[in-house]
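The structure appears right after this line, and notes come after that.
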Amino acid sequence: MTVFLQSVISGILVGGIYALIGIGLTIIFGVMRVINFAHGDLLMLGMYTTWLVFSRLGIDPFVSVVITGPVLFLWGAFLQKTFINRVLNALPQNQILLTIGLGLIMSNSIMLMFTSDYRILTTTYSSSSFSLGGISISEPLLVGFLITAAITGALYWFLLRTDTGQAIRATAQDRDAAQLMGINVQAMSVLAFGIGSALAGVAGALISPTYYIFPQVGSTFTLKAFVIVVLGGMGSVIGATLGGLIIGVTESLSAVYIASGLKELVVFVLFLGLLLFKPSGLLGKTRA
Amino acid sequence: MLQIRKLNFAYGDLQVLWDVDLEVKQGEIVTVVGANGAGKSTILRNVSRLVRPASGSITFEGHELSHVPSHKVVEMGIVQVPEARRIFPEMTVTENLRMGSFVKATRKDRERNMERVFSLFPRLAERKSQLGGTMSGGEQQMLAIGRGLMGNPRVMLLDEPSLGLSPLLVRNIFEIIKEINRQGTTILLVEQNVYQSLRISHRAYVLETGRVVLSGPGAELLDNAHVKKAFLGI
(Lines give C-alpha, C1' and ligand atoms only; values in the text may rest on other atoms or scores of the structure.)
Protein backbone atom coordinates (compact mmCIF):
# COMPACT_ATOMS: atom_id res chain seq x y z
CA MET A 1 0.00 0.00 0.00
CA THR A 2 2.83 2.37 0.89
CA VAL A 3 4.47 1.65 -2.45
CA PHE A 4 1.21 2.40 -4.22
CA LEU A 5 0.66 5.69 -2.37
CA GLN A 6 4.28 6.56 -2.85
CA SER A 7 4.07 6.18 -6.61
CA VAL A 8 0.72 7.96 -6.86
CA ILE A 9 2.14 10.94 -4.99
CA SER A 10 5.32 11.06 -7.08
CA GLY A 11 3.10 10.80 -10.14
CA ILE A 12 0.96 13.72 -9.07
CA LEU A 13 4.03 15.86 -8.35
CA VAL A 14 5.42 15.23 -11.83
CA GLY A 15 1.94 15.36 -13.36
CA GLY A 16 1.41 18.90 -12.12
CA ILE A 17 4.34 20.05 -14.22
CA TYR A 18 3.11 18.02 -17.19
CA ALA A 19 -0.22 19.80 -16.76
CA LEU A 20 1.53 23.17 -16.98
CA ILE A 21 3.14 22.13 -20.27
CA GLY A 22 -0.17 20.84 -21.60
CA ILE A 23 -2.12 23.94 -20.57
CA GLY A 24 0.30 26.12 -22.52
CA LEU A 25 -0.15 24.02 -25.65
CA THR A 26 -3.92 23.84 -25.31
CA ILE A 27 -4.31 27.62 -24.89
CA ILE A 28 -2.30 28.19 -28.06
CA PHE A 29 -4.35 25.60 -29.91
CA GLY A 30 -7.63 26.91 -28.55
CA VAL A 31 -7.08 30.49 -29.63
CA MET A 32 -5.30 29.93 -32.93
CA ARG A 33 -6.13 26.35 -33.97
CA VAL A 34 -2.40 25.93 -34.52
CA ILE A 35 -0.60 22.96 -33.01
CA ASN A 36 2.66 24.26 -31.67
CA PHE A 37 5.25 21.60 -32.40
CA ALA A 38 7.93 23.90 -31.00
CA HIS A 39 6.38 23.65 -27.55
CA GLY A 40 9.03 21.32 -26.13
CA ASP A 41 11.73 23.55 -27.56
CA LEU A 42 10.26 26.53 -25.72
CA LEU A 43 10.48 24.40 -22.58
CA MET A 44 14.10 23.66 -23.49
CA LEU A 45 14.77 27.41 -23.78
CA GLY A 46 13.25 27.76 -20.33
CA MET A 47 15.69 25.13 -19.02
CA TYR A 48 18.68 26.88 -20.59
CA THR A 49 17.57 30.28 -19.31
CA THR A 50 17.32 28.76 -15.83
CA TRP A 51 20.68 27.05 -16.17
CA LEU A 52 22.31 30.28 -17.36
CA VAL A 53 21.02 32.49 -14.58
CA PHE A 54 21.89 29.74 -12.10
CA SER A 55 25.45 29.12 -13.30
CA ARG A 56 26.30 32.76 -14.08
CA LEU A 57 24.33 34.69 -11.49
CA GLY A 58 23.67 32.00 -8.91
CA ILE A 59 19.92 32.50 -8.98
CA ASP A 60 17.96 29.55 -7.64
CA PRO A 61 15.92 27.70 -10.32
CA PHE A 62 12.69 28.13 -8.36
CA VAL A 63 13.31 31.85 -7.95
CA SER A 64 14.30 32.19 -11.58
CA VAL A 65 10.77 31.45 -12.81
CA VAL A 66 10.17 35.18 -12.41
CA ILE A 67 12.85 35.66 -15.08
CA THR A 68 12.16 32.60 -17.25
CA GLY A 69 8.43 33.27 -17.44
CA PRO A 70 8.64 36.84 -18.76
CA VAL A 71 11.59 36.06 -21.08
CA LEU A 72 9.71 33.19 -22.69
CA PHE A 73 6.52 35.26 -22.80
CA LEU A 74 8.27 37.94 -24.86
CA TRP A 75 9.94 35.34 -27.06
CA GLY A 76 6.62 33.58 -27.69
CA ALA A 77 4.85 36.88 -28.42
CA PHE A 78 7.63 37.70 -30.88
CA LEU A 79 7.31 34.31 -32.61
CA GLN A 80 3.56 34.77 -32.90
CA LYS A 81 3.76 38.30 -34.27
CA THR A 82 6.54 37.61 -36.75
CA PHE A 83 5.86 34.05 -37.93
CA ILE A 84 2.76 32.23 -36.71
CA ASN A 85 0.47 35.16 -37.50
CA ARG A 86 1.23 34.73 -41.20
CA VAL A 87 0.00 31.15 -41.36
CA LEU A 88 -3.19 31.46 -39.29
CA ASN A 89 -5.33 30.90 -42.39
CA ALA A 90 -2.93 28.49 -44.08
CA LEU A 91 -3.33 24.74 -44.43
CA PRO A 92 -2.69 22.77 -41.20
CA GLN A 93 0.34 21.01 -42.69
CA ASN A 94 1.95 24.37 -43.45
CA GLN A 95 1.37 25.51 -39.90
CA ILE A 96 2.92 22.27 -38.62
CA LEU A 97 5.95 22.71 -40.88
CA LEU A 98 6.43 26.23 -39.58
CA THR A 99 6.29 25.32 -35.89
CA ILE A 100 8.51 22.24 -36.41
CA GLY A 101 10.95 24.47 -38.28
CA LEU A 102 10.97 27.07 -35.53
CA GLY A 103 11.61 24.28 -33.01
CA LEU A 104 14.55 22.96 -35.03
CA ILE A 105 16.04 26.44 -35.31
CA MET A 106 15.74 26.91 -31.55
CA SER A 107 17.30 23.59 -30.61
CA ASN A 108 20.09 23.88 -33.16
CA SER A 109 20.91 27.46 -32.18
CA ILE A 110 21.22 26.35 -28.57
CA MET A 111 23.45 23.47 -29.68
CA LEU A 112 25.63 25.93 -31.58
CA MET A 113 25.96 28.17 -28.53
CA PHE A 114 26.26 25.63 -25.75
CA THR A 115 27.25 22.37 -27.56
CA SER A 116 25.18 19.23 -27.18
CA ASP A 117 26.69 18.41 -23.77
CA TYR A 118 24.29 17.31 -21.09
CA ARG A 119 24.15 19.83 -18.27
CA ILE A 120 23.00 19.24 -14.79
CA LEU A 121 21.95 21.91 -12.46
CA THR A 122 22.96 20.78 -9.01
CA THR A 123 21.32 22.58 -6.16
CA THR A 124 21.74 21.76 -2.48
CA TYR A 125 18.29 20.23 -2.51
CA SER A 126 18.40 18.46 -5.89
CA SER A 127 18.21 15.02 -4.32
CA SER A 128 16.87 15.82 -0.87
CA SER A 129 13.57 14.47 0.29
CA PHE A 130 11.58 14.16 3.47
CA SER A 131 9.40 11.46 4.85
CA LEU A 132 5.73 11.81 5.61
CA GLY A 133 3.95 8.82 7.14
CA GLY A 134 6.43 6.44 5.53
CA ILE A 135 6.18 8.11 2.14
CA SER A 136 9.23 9.86 0.86
CA ILE A 137 8.59 13.13 -0.94
CA SER A 138 11.20 14.75 -3.14
CA GLU A 139 11.73 18.35 -2.08
CA PRO A 140 12.45 19.87 -5.50
CA LEU A 141 9.44 18.09 -6.98
CA LEU A 142 7.20 19.25 -4.15
CA VAL A 143 8.32 22.86 -4.43
CA GLY A 144 7.93 22.63 -8.20
CA PHE A 145 4.44 21.26 -7.76
CA LEU A 146 3.43 24.01 -5.35
CA ILE A 147 4.66 26.70 -7.74
CA THR A 148 2.82 24.92 -10.57
CA ALA A 149 -0.37 24.82 -8.52
CA ALA A 150 -0.08 28.54 -7.73
CA ILE A 151 0.52 29.43 -11.39
CA THR A 152 -2.32 27.21 -12.58
CA GLY A 153 -4.63 28.77 -10.00
CA ALA A 154 -3.65 32.27 -11.09
CA LEU A 155 -4.17 31.30 -14.72
CA TYR A 156 -7.65 29.95 -14.04
CA TRP A 157 -8.50 33.15 -12.21
CA PHE A 158 -7.17 35.20 -15.12
CA LEU A 159 -9.12 33.22 -17.73
CA LEU A 160 -12.36 33.09 -15.77
CA ARG A 161 -12.51 36.43 -14.00
CA THR A 162 -10.69 39.13 -15.92
CA ASP A 163 -11.92 40.86 -19.07
CA THR A 164 -8.75 40.03 -20.97
CA GLY A 165 -8.87 36.38 -19.87
CA GLN A 166 -12.49 36.10 -20.91
CA ALA A 167 -11.62 37.75 -24.22
CA ILE A 168 -9.00 35.04 -24.82
CA ARG A 169 -11.65 32.37 -24.21
CA ALA A 170 -14.14 34.22 -26.39
CA THR A 171 -11.59 34.39 -29.21
CA ALA A 172 -11.03 30.64 -28.87
CA GLN A 173 -14.76 29.91 -29.01
CA ASP A 174 -15.69 32.17 -31.92
CA ARG A 175 -13.07 34.37 -33.55
CA ASP A 176 -15.49 36.39 -35.72
CA ALA A 177 -17.95 36.98 -32.90
CA ALA A 178 -15.07 38.05 -30.65
CA GLN A 179 -14.09 40.65 -33.25
CA LEU A 180 -17.65 41.94 -33.22
CA MET A 181 -17.33 42.50 -29.45
CA GLY A 182 -14.47 44.90 -30.11
CA ILE A 183 -11.84 42.34 -29.13
CA ASN A 184 -8.56 42.73 -30.98
CA VAL A 185 -8.16 39.05 -31.87
CA GLN A 186 -4.66 39.57 -33.26
CA ALA A 187 -3.55 40.96 -29.90
CA MET A 188 -5.26 38.04 -28.15
CA SER A 189 -3.32 35.61 -30.33
CA VAL A 190 -0.05 37.28 -29.41
CA LEU A 191 -1.05 37.18 -25.75
CA ALA A 192 -2.08 33.52 -25.97
CA PHE A 193 1.16 32.44 -27.61
CA GLY A 194 3.09 34.47 -25.06
CA ILE A 195 1.26 32.84 -22.16
CA GLY A 196 1.66 29.37 -23.69
CA SER A 197 5.41 29.91 -24.13
CA ALA A 198 5.79 31.35 -20.65
CA LEU A 199 4.08 28.27 -19.18
CA ALA A 200 6.40 25.97 -21.14
CA GLY A 201 9.39 28.04 -20.01
CA VAL A 202 8.33 27.98 -16.37
CA ALA A 203 7.81 24.21 -16.57
CA GLY A 204 11.35 24.00 -17.96
CA ALA A 205 12.66 26.01 -15.04
CA LEU A 206 10.83 23.85 -12.51
CA ILE A 207 12.14 20.55 -13.85
CA SER A 208 15.69 21.75 -14.38
CA PRO A 209 16.91 20.69 -10.91
CA THR A 210 15.78 17.11 -11.61
CA TYR A 211 16.30 16.61 -15.39
CA TYR A 212 19.24 16.64 -17.77
CA ILE A 213 19.48 19.80 -19.80
CA PHE A 214 20.45 19.37 -23.46
CA PRO A 215 19.38 20.96 -26.78
CA GLN A 216 17.15 18.09 -27.95
CA VAL A 217 15.32 17.64 -24.64
CA GLY A 218 12.31 19.41 -26.14
CA SER A 219 11.12 16.66 -28.48
CA THR A 220 10.16 14.32 -25.62
CA PHE A 221 8.10 17.08 -24.07
CA THR A 222 6.44 18.15 -27.33
CA LEU A 223 5.19 14.60 -27.73
CA LYS A 224 4.14 14.40 -24.09
CA ALA A 225 2.35 17.74 -24.25
CA PHE A 226 0.55 16.64 -27.39
CA VAL A 227 -0.63 13.42 -25.72
CA ILE A 228 -1.79 15.38 -22.65
CA VAL A 229 -3.75 17.86 -24.75
CA VAL A 230 -5.41 15.28 -26.96
CA LEU A 231 -6.19 13.11 -23.95
CA GLY A 232 -7.83 16.00 -22.11
CA GLY A 233 -9.64 17.33 -25.18
CA MET A 234 -8.06 19.82 -27.60
CA GLY A 235 -8.42 23.37 -26.34
CA SER A 236 -9.72 22.46 -22.89
CA VAL A 237 -7.66 23.94 -20.05
CA ILE A 238 -9.30 21.74 -17.42
CA GLY A 239 -8.78 18.77 -19.74
CA ALA A 240 -5.06 19.53 -20.02
CA THR A 241 -4.79 19.85 -16.23
CA LEU A 242 -6.44 16.44 -15.80
CA GLY A 243 -4.48 14.95 -18.68
CA GLY A 244 -1.17 16.05 -17.17
CA LEU A 245 -1.99 14.52 -13.78
CA ILE A 246 -3.25 11.27 -15.35
CA ILE A 247 -0.12 10.87 -17.45
CA GLY A 248 2.11 11.65 -14.45
CA VAL A 249 0.41 9.05 -12.27
CA THR A 250 0.26 6.46 -15.05
CA GLU A 251 3.98 6.82 -15.72
CA SER A 252 4.82 6.56 -12.08
CA LEU A 253 2.59 3.53 -11.42
CA SER A 254 3.79 1.64 -14.48
CA ALA A 255 7.42 2.36 -13.64
CA VAL A 256 6.87 0.76 -10.24
CA TYR A 257 4.57 -2.12 -11.14
CA ILE A 258 5.65 -3.00 -14.68
CA ALA A 259 9.06 -1.69 -15.67
CA SER A 260 10.45 1.79 -15.77
CA GLY A 261 11.51 1.29 -19.40
CA LEU A 262 7.92 0.54 -20.35
CA LYS A 263 6.21 3.53 -18.71
CA GLU A 264 5.93 5.43 -21.99
CA LEU A 265 4.44 2.36 -23.63
CA VAL A 266 1.76 2.14 -20.96
CA VAL A 267 0.97 5.83 -21.43
CA PHE A 268 0.51 5.39 -25.17
CA VAL A 269 -1.60 2.26 -24.78
CA LEU A 270 -3.84 4.12 -22.34
CA PHE A 271 -3.93 7.08 -24.71
CA LEU A 272 -4.91 5.01 -27.75
CA GLY A 273 -7.42 3.06 -25.68
CA LEU A 274 -9.15 6.24 -24.57
CA LEU A 275 -9.20 7.71 -28.06
CA LEU A 276 -10.81 4.51 -29.32
CA PHE A 277 -13.81 5.10 -27.08
CA LYS A 278 -13.77 8.88 -26.85
CA PRO A 279 -12.04 10.38 -29.89
CA SER A 280 -12.58 13.95 -28.71
CA GLY A 281 -10.64 13.35 -25.48
CA LEU A 282 -11.86 13.47 -21.88
CA LEU A 283 -13.42 16.93 -21.95
CA GLY A 284 -13.34 17.63 -25.66
CA LYS A 285 -16.33 18.61 -27.69
CA THR A 286 -17.27 16.32 -30.53
CA ARG A 287 -16.86 18.21 -33.74
CA ALA A 288 -20.10 19.33 -35.25
CA MET B 1 -25.08 58.76 -39.76
CA LEU B 2 -23.95 55.64 -41.63
CA GLN B 3 -23.36 56.01 -45.33
CA ILE B 4 -22.47 53.36 -47.88
CA ARG B 5 -21.51 54.51 -51.36
CA LYS B 6 -20.89 52.41 -54.47
CA LEU B 7 -19.89 49.39 -52.43
CA ASN B 8 -18.55 46.51 -54.51
CA PHE B 9 -17.53 43.25 -52.93
CA ALA B 10 -16.41 39.87 -54.22
CA TYR B 11 -15.57 36.52 -52.66
CA GLY B 12 -12.73 35.58 -54.97
CA ASP B 13 -14.10 35.76 -58.51
CA LEU B 14 -17.70 35.84 -57.39
CA GLN B 15 -19.00 39.37 -57.15
CA VAL B 16 -21.60 39.58 -54.39
CA LEU B 17 -22.34 43.31 -54.13
CA TRP B 18 -22.69 45.72 -57.04
CA ASP B 19 -22.54 49.49 -56.44
CA VAL B 20 -24.63 49.35 -53.30
CA ASP B 21 -25.73 52.76 -51.98
CA LEU B 22 -27.34 52.84 -48.57
CA GLU B 23 -27.89 55.38 -45.86
CA VAL B 24 -28.97 55.16 -42.25
CA LYS B 25 -29.97 58.35 -40.47
CA GLN B 26 -29.87 58.91 -36.73
CA GLY B 27 -32.85 57.38 -34.97
CA GLU B 28 -34.07 55.27 -37.88
CA ILE B 29 -34.81 51.63 -38.33
CA VAL B 30 -33.54 50.79 -41.80
CA THR B 31 -34.06 47.33 -43.22
CA VAL B 32 -32.41 45.52 -46.08
CA VAL B 33 -34.67 42.76 -47.34
CA GLY B 34 -33.86 40.21 -49.94
CA ALA B 35 -33.72 36.50 -50.67
CA ASN B 36 -31.10 34.11 -49.38
CA GLY B 37 -27.78 34.87 -51.05
CA ALA B 38 -28.73 38.37 -52.17
CA GLY B 39 -25.76 39.77 -50.25
CA LYS B 40 -27.53 41.23 -47.22
CA SER B 41 -25.18 39.79 -44.60
CA THR B 42 -22.21 40.74 -46.74
CA ILE B 43 -23.18 44.40 -46.40
CA LEU B 44 -23.09 44.11 -42.60
CA ARG B 45 -19.81 42.17 -42.70
CA ASN B 46 -18.36 45.03 -44.73
CA VAL B 47 -19.58 47.65 -42.28
CA SER B 48 -18.08 45.71 -39.35
CA ARG B 49 -14.88 45.32 -41.38
CA LEU B 50 -14.80 41.55 -41.07
CA VAL B 51 -14.15 41.59 -44.82
CA ARG B 52 -12.58 44.16 -47.15
CA PRO B 53 -14.57 45.62 -50.06
CA ALA B 54 -13.25 45.70 -53.62
CA SER B 55 -14.25 49.35 -53.93
CA GLY B 56 -16.60 51.94 -52.54
CA SER B 57 -16.76 53.79 -49.27
CA ILE B 58 -18.42 53.33 -45.91
CA THR B 59 -18.49 56.34 -43.62
CA PHE B 60 -19.79 56.69 -40.09
CA GLU B 61 -20.51 60.27 -39.05
CA GLY B 62 -18.11 61.45 -41.71
CA HIS B 63 -15.30 59.06 -40.73
CA GLU B 64 -14.17 56.76 -43.50
CA LEU B 65 -14.05 53.18 -42.20
CA SER B 66 -11.80 51.70 -44.88
CA HIS B 67 -8.68 51.78 -42.70
CA VAL B 68 -10.34 51.08 -39.38
CA PRO B 69 -9.78 47.58 -37.93
CA SER B 70 -12.93 45.77 -36.87
CA HIS B 71 -12.39 46.14 -33.12
CA LYS B 72 -12.15 49.92 -33.57
CA VAL B 73 -15.42 49.95 -35.49
CA VAL B 74 -17.05 48.56 -32.35
CA GLU B 75 -15.37 51.26 -30.26
CA MET B 76 -16.96 53.86 -32.55
CA GLY B 77 -20.38 52.53 -31.57
CA ILE B 78 -21.24 50.26 -34.49
CA VAL B 79 -22.24 46.98 -32.89
CA GLN B 80 -23.27 43.94 -34.89
CA VAL B 81 -25.52 41.13 -33.71
CA PRO B 82 -24.36 38.48 -36.16
CA GLU B 83 -26.33 35.95 -38.13
CA ALA B 84 -27.00 32.65 -36.35
CA ARG B 85 -26.45 34.38 -32.99
CA ARG B 86 -22.80 33.38 -32.63
CA ILE B 87 -22.91 33.55 -28.87
CA PHE B 88 -19.96 32.08 -26.97
CA PRO B 89 -21.15 28.51 -26.34
CA GLU B 90 -18.93 27.69 -23.39
CA MET B 91 -19.54 30.91 -21.51
CA THR B 92 -22.40 31.64 -19.17
CA VAL B 93 -25.11 34.19 -19.91
CA THR B 94 -23.39 36.69 -17.63
CA GLU B 95 -19.99 36.09 -19.23
CA ASN B 96 -21.46 36.51 -22.71
CA LEU B 97 -22.99 39.81 -21.64
CA ARG B 98 -19.70 40.92 -20.07
CA MET B 99 -17.97 40.28 -23.40
CA GLY B 100 -20.51 42.61 -24.99
CA SER B 101 -18.99 45.39 -22.91
CA PHE B 102 -15.37 44.46 -23.56
CA VAL B 103 -14.70 47.90 -25.05
CA LYS B 104 -13.15 49.95 -22.23
CA ALA B 105 -15.44 52.96 -22.56
CA THR B 106 -18.50 50.75 -22.03
CA ARG B 107 -17.29 48.91 -18.93
CA LYS B 108 -18.37 51.63 -16.54
CA ASP B 109 -21.97 51.17 -17.70
CA ARG B 110 -21.80 47.40 -17.35
CA GLU B 111 -24.08 47.04 -14.33
CA ARG B 112 -26.65 49.47 -15.68
CA ASN B 113 -26.66 47.88 -19.14
CA MET B 114 -27.01 44.44 -17.64
CA GLU B 115 -30.07 45.59 -15.72
CA ARG B 116 -31.45 47.01 -18.96
CA VAL B 117 -30.89 43.72 -20.79
CA PHE B 118 -32.53 41.76 -17.98
CA SER B 119 -35.55 44.04 -18.03
CA LEU B 120 -35.91 43.63 -21.80
CA PHE B 121 -35.37 39.87 -21.56
CA PRO B 122 -36.50 38.62 -18.15
CA ARG B 123 -35.78 35.08 -19.34
CA LEU B 124 -32.06 35.84 -19.39
CA ALA B 125 -32.17 37.01 -15.79
CA GLU B 126 -33.45 33.57 -14.79
CA ARG B 127 -30.56 31.86 -16.58
CA LYS B 128 -27.57 33.96 -15.61
CA SER B 129 -25.24 31.03 -15.01
CA GLN B 130 -26.41 28.77 -17.83
CA LEU B 131 -23.89 28.06 -20.61
CA GLY B 132 -24.80 29.87 -23.83
CA GLY B 133 -24.47 26.75 -25.97
CA THR B 134 -27.12 24.88 -23.97
CA MET B 135 -29.88 27.44 -24.50
CA SER B 136 -32.71 27.30 -27.02
CA GLY B 137 -32.53 29.23 -30.28
CA GLY B 138 -34.88 31.92 -29.02
CA GLU B 139 -32.95 32.39 -25.80
CA GLN B 140 -29.69 32.53 -27.75
CA GLN B 141 -31.15 35.27 -29.94
CA MET B 142 -32.18 37.25 -26.85
CA LEU B 143 -28.67 36.79 -25.48
CA ALA B 144 -27.11 37.89 -28.78
CA ILE B 145 -29.20 41.07 -28.84
CA GLY B 146 -28.55 41.65 -25.14
CA ARG B 147 -24.84 41.18 -25.68
CA GLY B 148 -25.00 43.76 -28.46
CA LEU B 149 -26.76 46.26 -26.18
CA MET B 150 -23.97 45.90 -23.60
CA GLY B 151 -21.67 47.77 -25.99
CA ASN B 152 -23.67 51.03 -25.89
CA PRO B 153 -24.39 50.82 -29.62
CA ARG B 154 -25.12 54.02 -31.50
CA VAL B 155 -25.99 51.93 -34.52
CA MET B 156 -26.96 48.33 -34.04
CA LEU B 157 -26.55 46.01 -37.03
CA LEU B 158 -28.91 43.06 -36.77
CA ASP B 159 -28.37 40.12 -39.10
CA GLU B 160 -31.52 38.00 -39.49
CA PRO B 161 -32.63 38.05 -35.87
CA SER B 162 -35.79 36.10 -36.74
CA LEU B 163 -33.93 33.19 -38.31
CA GLY B 164 -35.14 29.84 -37.03
CA LEU B 165 -37.51 31.24 -34.41
CA SER B 166 -41.14 30.29 -33.83
CA PRO B 167 -43.75 32.76 -35.20
CA LEU B 168 -44.60 33.94 -31.69
CA LEU B 169 -40.95 34.60 -30.85
CA VAL B 170 -40.46 36.33 -34.19
CA ARG B 171 -43.15 38.87 -33.35
CA ASN B 172 -41.64 39.25 -29.91
CA ILE B 173 -38.15 39.93 -31.29
CA PHE B 174 -39.45 42.59 -33.69
CA GLU B 175 -41.33 44.30 -30.84
CA ILE B 176 -38.09 44.38 -28.87
CA ILE B 177 -36.15 45.80 -31.81
CA LYS B 178 -38.75 48.55 -32.04
CA GLU B 179 -38.41 49.18 -28.32
CA ILE B 180 -34.60 49.37 -28.52
CA ASN B 181 -34.97 51.89 -31.32
CA ARG B 182 -37.49 53.88 -29.30
CA GLN B 183 -34.94 54.02 -26.47
CA GLY B 184 -32.56 55.80 -28.85
CA THR B 185 -30.50 53.26 -30.78
CA THR B 186 -30.36 53.55 -34.55
CA ILE B 187 -30.92 50.21 -36.27
CA LEU B 188 -29.78 48.65 -39.51
CA LEU B 189 -31.64 45.39 -39.93
CA VAL B 190 -31.13 42.65 -42.47
CA GLU B 191 -34.07 40.29 -42.87
CA GLN B 192 -35.74 37.61 -44.91
CA ASN B 193 -38.93 38.05 -42.96
CA VAL B 194 -40.10 40.83 -45.24
CA TYR B 195 -43.54 41.47 -43.81
CA GLN B 196 -42.55 41.79 -40.15
CA SER B 197 -39.41 43.79 -40.81
CA LEU B 198 -40.97 46.27 -43.25
CA ARG B 199 -43.76 46.90 -40.76
CA ILE B 200 -41.37 48.24 -38.13
CA SER B 201 -38.96 50.02 -40.53
CA HIS B 202 -38.80 53.72 -41.25
CA ARG B 203 -37.10 53.00 -44.54
CA ALA B 204 -36.02 49.91 -46.40
CA TYR B 205 -33.97 48.67 -49.31
CA VAL B 206 -34.72 45.66 -51.49
CA LEU B 207 -31.59 43.76 -52.50
CA GLU B 208 -31.62 41.34 -55.43
CA THR B 209 -28.47 39.44 -56.47
CA GLY B 210 -26.24 42.08 -54.94
CA ARG B 211 -28.00 45.17 -56.33
CA VAL B 212 -30.39 47.59 -54.66
CA VAL B 213 -33.49 47.41 -56.83
CA LEU B 214 -35.94 49.35 -54.70
CA SER B 215 -35.91 51.64 -51.71
CA GLY B 216 -38.36 53.74 -49.77
CA PRO B 217 -40.39 53.97 -46.58
CA GLY B 218 -41.19 50.58 -45.06
CA ALA B 219 -44.95 50.97 -45.31
CA GLU B 220 -44.71 52.04 -48.95
CA LEU B 221 -42.62 49.02 -49.89
CA LEU B 222 -45.15 46.77 -48.20
CA ASP B 223 -47.67 48.02 -50.76
CA ASN B 224 -45.30 47.79 -53.68
CA ALA B 225 -46.44 45.37 -56.36
CA HIS B 226 -42.96 43.95 -56.96
CA VAL B 227 -42.35 43.35 -53.26
CA LYS B 228 -45.74 41.74 -52.88
CA LYS B 229 -45.11 39.41 -55.79
CA ALA B 230 -41.50 38.56 -55.02
CA PHE B 231 -41.59 38.21 -51.24
CA LEU B 232 -45.09 38.11 -49.88
CA GLY B 233 -46.68 35.75 -52.37
CA ILE B 234 -49.66 38.01 -53.05
Side-chain angles (χ1 to χ4, degrees), chain A residues 23 26-27 29-31 33 81 85 88-89 155-192 229 232-242 280-288, chain B residues 41 44-45 47-51 68-92 94-108 110 129 131-134 140 143-153 156-159:
Chain A
I23 292 171
T26 215
I27 288 180
F29 176 79
V31 171
R33 305 282 135 181
K81 244 189 137 94
N85 215 3
L88 282 190
N89 297 316
L155 191 69
Y156 271 93
W157 176 82
F158 170 72
L159 289 174
L160 290 172
R161 292 277 172 266
T162 66
D163 278 301
T164 312
Q166 290 187 337
I168 288 181
R169 286 165 56 215
T171 308
Q173 289 172 35
D174 192 327
R175 209 175 169 85
D176 270 4
Q179 253 174 303
L180 293 177
M181 299 300 112
I183 295 168
N184 182 347
V185 293
Q186 233 106 44
M188 290 305 142
S189 303
V190 172
L191 192 58
V229 166
M234 306 277 282
S236 164
V237 176
I238 301 174
T241 315
L242 269 179
S280 53
L282 286 173
L283 296 175
K285 298 278 175 297
T286 344
R287 268 185 218 165
Chain B
S41 301
L44 297 192
R45 289 177 67 80
V47 175
S48 286
R49 305 277 304 144
L50 291 177
V51 292
V68 181
S70 59
H71 62 274
K72 296 275 183 204
V73 171
V74 183
E75 285 172 21
M76 293 167 84
I78 305 176
V79 176
Q80 180 175 161
V81 178
E83 188 176 1
R85 279 84 72 169
R86 305 292 285 269
I87 56 158
F88 302 112
E90 285 157 60
M91 289 182 141
T92 64
T94 315
E95 286 177 323
N96 265 283
L97 291 176
R98 278 174 59 94
M99 280 297 97
S101 57
F102 179 78
V103 170
K104 282 215 173 64
T106 65
R107 288 185 198 170
K108 61 176 184 346
R110 200 170 253 170
S129 47
L131 288 185
T134 65
Q140 289 192 3
L143 181 55
I145 294 177
R147 187 179 63 176
L149 287 173
M150 294 295 294
N152 288 340
M156 196 173 206
L157 315 177
L158 288 149
D159 197 345

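Just so it is clear, the values below take in all heavy atoms, side chains as well, and ignore hydrogens, waters and symmetry mates. Predicted model, so just to flag it, every value in this text is computed and none were measured. Numbered from 1 within each chain, the chains take letters A, B, ... in sequence-line order.
- In terms of heavy-atom pairs under 4.5 Å with chain A, the best-connected choice from B:Glu75, B:Met150, B:Arg110, B:Arg85 is B:Arg110.
- In terms of heavy-atom proximity, B:Arg147 sits nearest to A:Ala177 at NH2-CB, 4.4 Å.
- Using a 4.5 Å cut-off between heavy atoms, B:Pro89 contacts chain A through both its backbone and its side chain.
- Only the side chain of B:Arg107 comes within contact range of chain A, with at least one heavy atom under 4.5 Å from a heavy atom of that chain.
- Open room surrounds CD1 on A:Ile238; 12 or fewer heavy atoms of other groups in view lie less than 6.0 Å from it.
- You'll find the side chain of A:Arg169 stays beyond 4.5 Å of the side chain of B:Glu90, heavy atoms only.
- Nearest approach of A:Gln179 to B:Ser70, heavy atoms of both residues: NE2-OG, 2.8 Å.
- Taking every heavy atom of both residues into account, A:Ile183 and B:Phe102 meet most closely at CG1-CD2, 3.5 Å.
- Side-chain contact check for A:Met181 versus B:Val74: every heavy-atom pair is 4.5 Å or farther apart.
- Considering only heavy atoms from C-beta on, B:Pro69 stays 4.5 Å or farther from A:Asn184 through its side chain.
- B:Leu50 is listed as a side-chain neighbour of A:Leu180, based on a closest heavy-atom distance under 4.5 Å.
- Atoms CD and OG1, on A:Gln166 and B:Thr94 in that order, are 9.5 Å from each other to the nearest 0.5 Å.
- Ionic pairing of A:Asp176 and B:Arg45 is present here: one or more N-O contacts between side-chain nitrogen and carboxylate oxygen are shorter than 4.0 angstrom.
- In this structure, CD in B:Glu95 is found 7.0 Å from CZ in A:Arg161, a value given to the nearest 0.5 Å.
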